[in-house]
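Just below is one structure, and these are the notes that go with it.
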Amino acid sequence: MIAASVALIAVGSLSGAYLYVATGHRTGVLAMARDVPPGATITAEDLIEAKISSDPALKPIPAEDLKKVVGKRAVSALPAGSLLTERSITSAAVVGPGQQLVAVSLDKDRVPATALTPGQKVQLVHTPKDSAGAAGQGGAAAEPNVAASVVRVGKAASSGDVVVDVAVASTSGTTVARWAARGEVSFLVLPEGG
């Protein structure tokens, strides 16, 4: 009995020591030191090193890859304290060759209920406030929709209005800017791959 008790105590002690060592092994990974909005360029000041226990379910970026991350852009909003993963950043150019960046202010009634995200494809639709006036312009055909991709979504103002930066073809930039200045733009959110 005494020998069995001693053996059980020894096994329990060894198990406890193993668990302590296993859970005490921590890896340095990159985490957000402050909130970074979608589309923003990540700086070294935006990042901190966090020590976490290794877990195969988590795939954070190792702390030693800091220099590879700085200068990339946030794919979506990165809140302070969140771990950084490869899927949350991109090195893709925000505005490509032959494109222009246009800021579109959407009033609260035109903001889609589904959150817009950087890289998302949308159609910009001209929606004149005075439809009768637009129809009376010599019977001109309605202006075509403009294909765009979302670059950055600003924080909602107290009024509920949201500014969205979009990339459009250079040939459409002036047209979209004119629509935006008059508050005559609506977004059609396209399905993935659309």
**Prompt:** Do V125 and V166 share a hydrophobic cluster (ILVMFWY, side-chain heavy atoms under 4.5 Å, transitive)?
**Reply:**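 Looking at the clustering, V166 is in a separate group from V125.
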**Item:** hydrophobic_cluster_shared for V70 and I89, side chain cutoff 4.5 Å
**Value:** yes
Which pair of heavy atoms, one from [X] and one from [Y], lies closest together, and at what distance?
X    : Y    : result
V102 : G173 : CG2-O, 3.9 Å
A50  : L83  : CB-CD2, 4.4 Å
T85  : P60  : CG2-CA, 4.3 Å
I48  : A33  : CG2-CB, 3.3 Å
A103 : V163 : CB-CG1, 4.1 Å
A74  : V36  : CB-CG1, 4.0 Å

**Item:** Pairing residues for T43 by the side chain to side chain contact (heavy atoms under 4.5 Å, CB included) criterion, not counting sequence neighbours
**Value:** R34, E45, D46
Pairwise distance [atom1]([X]) to [atom2]([Y]) - rounded to 0.5 angstrom:
X    : Y    : atom1 : atom2 : answer
L47  : L30  : CG    : CG    : 5.5 Å
E49  : T27  : CD    : OG1   : 10.0 Å
K72  : T90  : NZ    : OG1   : 7.5 Å
N145 : Q123 : CG    : CD    : 5.0 Å
T117 : R152 : OG1   : CZ    : 14.0 Å
L84  : I61  : CG    : CD1   : 4.0 Å

Please check this pair: side chain of [X] against backbone of [Y], looking for a donor-acceptor N/O pair closer than 3.5 Å.
X    : Y    : answer
S170 : G98  : yes
D161 : K108 : yes
D35  : A80  : yes

Min side-chain heavy-atom separation [X]-[Y] under 4.5 Å:
X    : Y    : result
P112 : L106 : yes
V122 : V164 : no
V189 : T114 : no
V29  : P62  : no
T127 : R110 : yes
I42  : L78  : yes
L124 : F187 : yes

**Message:** According to ring pair (Phe, Tyr, Trp, His ring centres under 6.0 Å), does anything in residues 156-185 pair up with another residue at least two apart or in another chain? List the pairs.
**Reply:**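 Every ring pair (Phe, Tyr, Trp, His ring centres under 6.0 Å) pair that includes a residue of residues 156-185, provided the two are not neighbours, is H126-W179.
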